[in-house]
A.B. asks: 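Provided herewith is a single structure, encoded as structure tokens, for subsequent inquiry.
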Amino acid sequence: MTAPVLELDDVTRIHGSGATAVHALRGVSLTVAAGELVAVMGPSGSGKSTLLNVAGGLDTVSAGAVRVEGTDLASLSRAALAAVRRRSAGYVFQDLNLIPTLTAVENVALPLELDGRRRVRSYALAALEEVGVADLADRYPDEMSGGQQQRVAIARALVGERRLVLADEPTGALDSETGEAVLALLRRRVDQGCAGVLVTHESRHAAWADRVVYLRDGCIVDSTAYDVSPGSLETVR
Amino acid sequence: MTAVLERVEPATPPLPPRHPSRLARWWSSWRVAIRLARRDAWRGRGRALLVLLLIALPVSVVVAEISYSLASSKARASVSQALLSLGTVADARIMTAPASASQSIDTTSASTGSGPRATRADLLAALPAGSTVVDAGGSAPVVIEAGRWGITSAVALSDVRDPLDAGRWRVLDGRLPASPSEVALRGDEIHRLQAHLGDTLTLTTTSGAVHVARLTLVGEVEPFSPWIAYGDAVALPGVLPVDPTTTAYGPVAVDAEQQKLTLAPSEFLVRTSRPLTWADVRALNALGAVVASRSVLESPPAFCPVDVVCLDDGPVPQPRADPAFEDPQALEAAAREAALVAVVVVLVVLQVALLAGPAFAVQLRRRQRELGLVGASGGTSADLRRAVLASGVVLGVAGGLLGIAIGWLGVLVLGGMLPWAPLADNGVRLGVPPLPWYVLGVALIGVIAAVVASLVPAVLAGRGDVVDALRGRRPLPALRTRTPVVGLLLGAAGVGLLLYGRAKLDTVILGVGIIVGELGLVLIMPWLVVQTGRLGRWLPLSSRMAVRDSGRHRLRTAAAACAVAAAAAAAVATSTWAASESYVTDSTDVPYPPGTIAVQVFVDGTPESQAGAATLTARTTGVLESVAPGSPTAVLVGLTPKGASTTPGSMNQGSVGCVVPVPAMLPDGSTPQRGVSAVAPAGGYAGDGVEWQGCSGRSSADGGLGGEVMLLRDPASLGLLLGPIADVTAATSVLEDGGAVVLQPGSLDAAGKVVLQSGTIRDDGTPVAGPPFRVPAAEVLAGALPASVILGPKALAPGGAAASLRADDANQVVVVVAPSTADRPDRPTVADQITIGLAKARVNAGVQAGGSVRPDSAAVQLAVIGAATLLLALLAGLMVTALALADGRSDITTLAAVGAEPRVRRRIAASSAGFVAALGCATGAVSGLILAWLLNPMFNRFGSQTTVIHWWLVAFVLLGVPLVTAGAAWLTTRSRITLTRRRD
Ligand SMILES: Nc1ncnc2c1ncn2[C@@H]1O[C@H](COP(=O)(O)OP(=O)(O)O)[C@@H](O)[C@H]1O
Ligand SMILES: [Mg+2]
């Protein structure tokens, strides 16, 4: 087994304080290795998005540790966390992932440009090629279908040397056929050596994952290698 | 499935290199930010337009000013006029003056010597052989009469028959005079005379000996240039004698022996065998001739600006100091001017930034998700800040360029392309105005303003939470509102600077004080927004929501309110200033009472004046008696100290003025120019060692004597002068008791006396001021006279309070008459009849009919001020309303969901616009009153201490502007409720 790309170690995240305190995550531990796609499932408000946010350094933990490629995020400044997102972890959200004023290729090149790299266009074009939408390079997001947009978003999440893709319901706004294709793409990119965390509430989608983690009220209630039929999920819960 | 999973390990291309230097990385991150901002602005170009115009406006004004002044100096209207005055054939126009002249190329300036004028023969001798010379001018002042009607005018005497004269006159009807018995007139004059072509006109000279010519009107004509004829009529040379003191380009100084009218022409048109060069012009100058030469005008010598008096090879050398000995005062003045410009620029930038700030705030709201995505893709806080600042840069640059375009196009269109070309320079169209590169510096003002406006949103964007931004939550942490200690301190510092600047009479310090004070207000305003928002409790639902919402978004509310406040403060302060000044001018400058006609007899150096003041006065009363028999008159006579000469032109002249003491010198040793306290000390005056200045605020150079003091020969006629408003009985009895009537407000001392001081000029030219003396006086705020103080004969009598003065006919005489005869439609008005009568009687006089309606300049000013304030308030109010509606959309949707009427949306819009306008107007009005109270006495050009507040305008600012703004928001808001898509 290769070294883990993402490690959550007993992570707790409390929003607010006092009477209004919300425990979004309580003692969550999770390890994702390269080549591994982990699906996170759970009811609304169970802390799935919070888990992704702390994993990419968008949010900070109240207790516990988050390590991305061995670096403990707790010790990093905001600027260093931004650097982690530029170089190690990329996000794919449900929809409106792309910056509307940038073309597909510019969107993909954005993390590289923010990282101060030059001559990024050809590299970003290669990344688009990888996800099969090279022909849309110079289109703006509103000239693309939802599935195409998500492909570009995946290309952006993994452009450069990033090896961690954090996808928060990436198929939520797509019809099921397109959704499957996007997940197939995600799976393929993970198989090429990345680590992936996929938040979804459709158990059908979890079938693409190597492992499924169930969250409820901020706690992992179950973690299973996905080798059961969808029907057996009921028994697990 | 397997096919998909089957993978070919891609050959990962190498990661692109990073920019090698920090600078290059910094530059590239700006490029990213600018690209985002540029595309965003283009996508929202409709929304951006308002901000663009806001930025473009001040830039365009400055650019237009620069472009216009360059264009008009390039157009050189004077050269065009000079060329037009040559007509189409002549090569030059020569005006004779006393010998040895020098001139500018365009003949607008000339200095002449003394000696006999050049004759035609002299000119012919000096011109290249084979030249021809034609009489083309000189003019004579005349009364032109047709039947009962008459006008005073001047007739140009020019040989219009000669082919050389071609192209100088436009003939509108009939023809030009062809014989000495004919005359042509301008259309206006024909109309005023109610004459027709073919009528016989009588022309009587009004200067020198009486010459009468009876001429037939043969044409309605118009010169192509106002420089062609000094007069409204044209006849052939020799018909009447020429007045040598007038030429086509204005009076030329002449000495006494030249003052006789002559039959010699003073102006010639010339046809030369070869073009006249500048050297030829200089040779003619030596004869005393001033020359407009076609060839010199068409290609002026490079060594000489066209409008500067020029010698053989360059302009008259100016006494120019060695740079090492550069006048420190001039340097200081230049530095002060630069500082003042800087102050104005800062104020403009501040105002634009305050107005545009809320727009950047809403733009931030719109770009929230985009910024969140940048953050999620690894953008740092600095990247997010940059993205917002870049909007400022982009909109600033675009607005600046737009401003340049608007300013330049404005000059292009208004200066030459429109048929009536309102900006044309003296009728000469400007052509394509120049656009120097340094206007880019002016555009920089726009960039700075936009960047300043985007500063706070940028800071907020940098602080914002990426997760919140991505969720589309109301995102931005409001800047904490501290108690406004810093703001209050800054405000106090501003007032302090204003007081200090007022004491030092230093406008730069004043400007800095205004800036500091405004910054203080900017810092206080968010707190004020929150505090006044608390009052919202008692308001109806929609207003309460609007006010609370304003409090939640206190930054943009405060920015808009500050912009309104600045406008309101400026409005109140300037209106107070205007009202205070017009309080003075209205009480001193008003026309003579309705129904009167004032004749001011000029006793000066003209030949007519030689007759003497007594004769002139007698002639005047004679004319008045013949035009309006039996009408009451009042005669005012100038005063002079006893012992001073009364001969005009004599060195030993005296004067007398109404004075107030100048208070001690200012701390920096300078003397105040204006705003000096007119309140006299109760303890009386120390005679010598006290500086005085005229009551009217004008300090005259010799002896510090200002406003005039005049004698009213018959105190009983005072009523005729003061008109119906004043308390005439009381004032008359003051005069009869030997006192004075004072028409200059604020000139009495604590004891109710006016202080007069006389002065004489010694034979060696040194002024000697006499001791001040006091005369009991009544202040009258009515009437209008060319005097500040009126005395009666009793004051001058032995033992009178002003016994050291005596009447001086040679100084000034004003006869005011209330004519008993009324104007009749079938003849000239009584005033015109008096004018004609006086001209024929050879009295050099000004005639002014009383009671004529003047446009109330203050009213126009106030209307403009009020409208400008309203406009700015509307702009700020509507902008904030748009923001409030965009931001509060989900609230409104919720309201609709619980059953609120759609109208609620409009009510909320009206309330938030009204709230911003009301808050801004209230704080602005208070600041404006403080400003006016501090500054008005200093800027009052008449030195009056009376501050008149224009309460109507203040009321309009306080009530009208907020109401109209709220109404406008109500009208422009749709009541339809659009459902928002919520995102989480
Ligand atoms: N910024 C926040 N402040 C307060 N509570 C929050 C915040 N973000 C998330 N929460 C709360 O944390 C819990 C977990 O939220 P989230 O991770 O978004 O759940 P999920 O994505 O599973 O629907 C929810 O109860 C949510 O209300
Ligand atoms: Mg979620």
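By convention in this document, chain letters (A, B, ...) are assigned in the order of the sequence lines, proteins followed by strands, and residues within each chain are numbered from 1. Remember, it's a predicted structure, so these values are computed and weren't measured experimentally.
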A.B. asks: In terms of heavy-atom pairs under 4.5 Å with chain B, which of A/R78, A/R86, A/R118, A/R119 leads?
C.D. replies: A/R118

A.B. asks: Is a donor on one side and an acceptor on the other found under 3.5 Å between the side chain of A/R117 and the backbone of B/P16?
C.D. replies: yes

A.B. asks: Under 6.0 Å from the CD atom of A/E143, do we count more than 12 heavy atoms belonging to anything else shown?
C.D. replies: yes

A.B. asks: Is the side chain of B/R18 donor-acceptor paired with the backbone N or O of A/D115 at a distance under 3.5 Å, no angle test?
C.D. replies: yes

A.B. asks: Heavy-atom distance under 4.5 Å to chain A: side chain of B/S29, backbone, both or neither?
C.D. replies: neither

A.B. asks: Quick check: under 4.5 Å, non-hydrogen atoms only, which of residues 388-403 of chain B neighbour chain A?
C.D. replies: none

A.B. asks: Quick test of your reading: applying salt bridge (charged side-chain N to carboxylate O under 4.0 Å, His left out), list the pairs with at least one residue in residues 153-164 of chain A, sequence neighbours left out, ordered by first then second residue.
C.D. replies: A/E69-A/R163

A.B. asks: Not counting sequence neighbours, which residues clear side chain to side chain contact (heavy atoms under 4.5 Å, CB included) with A/H15? List them please.
C.D. replies: A/R13, A/V22, A/A24, A/T50, A/D59

A.B. asks: What residue, out of A/P100, A/A83, A/A89, has the most heavy-atom pairs lying under 4.5 Å from chain B?
C.D. replies: A/P100

A.B. asks: Heavy-atom count around A/H23 NE2 within 6.0 Å, excluding the residue itself: above 12?
C.D. replies: yes

A.B. asks: Most heavy-atom pairs under 4.5 angstrom with chain B, which of A/L114, A/N53, A/N107, A/V120?
C.D. replies: A/L114

A.B. asks: Measuring heavy-atom distances to chain B, does A/L110 have an atom under 4.5 Å in its side chain, in its backbone, in both, or in neither?
C.D. replies: side chain

A.B. asks: Can you tell me which of A/N97, A/V159, A/L166, A/L98 forms the most heavy-atom pairs within a distance under 4.5 Å of chain B?
C.D. replies: A/N97

A.B. asks: Examine whether an atom of A/S122 lies under 4.5 Å from a heavy atom of chain B, and if so say whether it belongs to the side chain, the backbone or both; otherwise answer neither.
C.D. replies: neither

A.B. asks: Please round to the nearest 0.5 Å and tell me the distance separating atom CZ of B/R39 and atom OG1 of A/T103.
C.D. replies: 6.0 Å

A.B. asks: Quick one: are A/F93 and B/R369 in side-chain contact, heavy atoms under 4.5 Å?
C.D. replies: yes

A.B. asks: Do B/R35 and A/L102 have side-chain heavy atoms sitting under 4.5 Å apart?
C.D. replies: yes

A.B. asks: So which part of B/D40 gets closer than 4.5 Å to some heavy atom of chain A, the side chain, the backbone, both or neither?
C.D. replies: both

A.B. asks: Where along residues 370-381 of chain B does a heavy atom come under 4.5 Å of chain A, listed by residue number?
C.D. replies: B/E370, B/L373, B/V374, B/G375, B/A376, B/S377, B/G378, B/G379, B/T380, B/S381

A.B. asks: At a 4.5 Å cut-off on heavy atoms, which part of A/D142 comes close to chain B: side chain, backbone, both, or neither?
C.D. replies: side chain

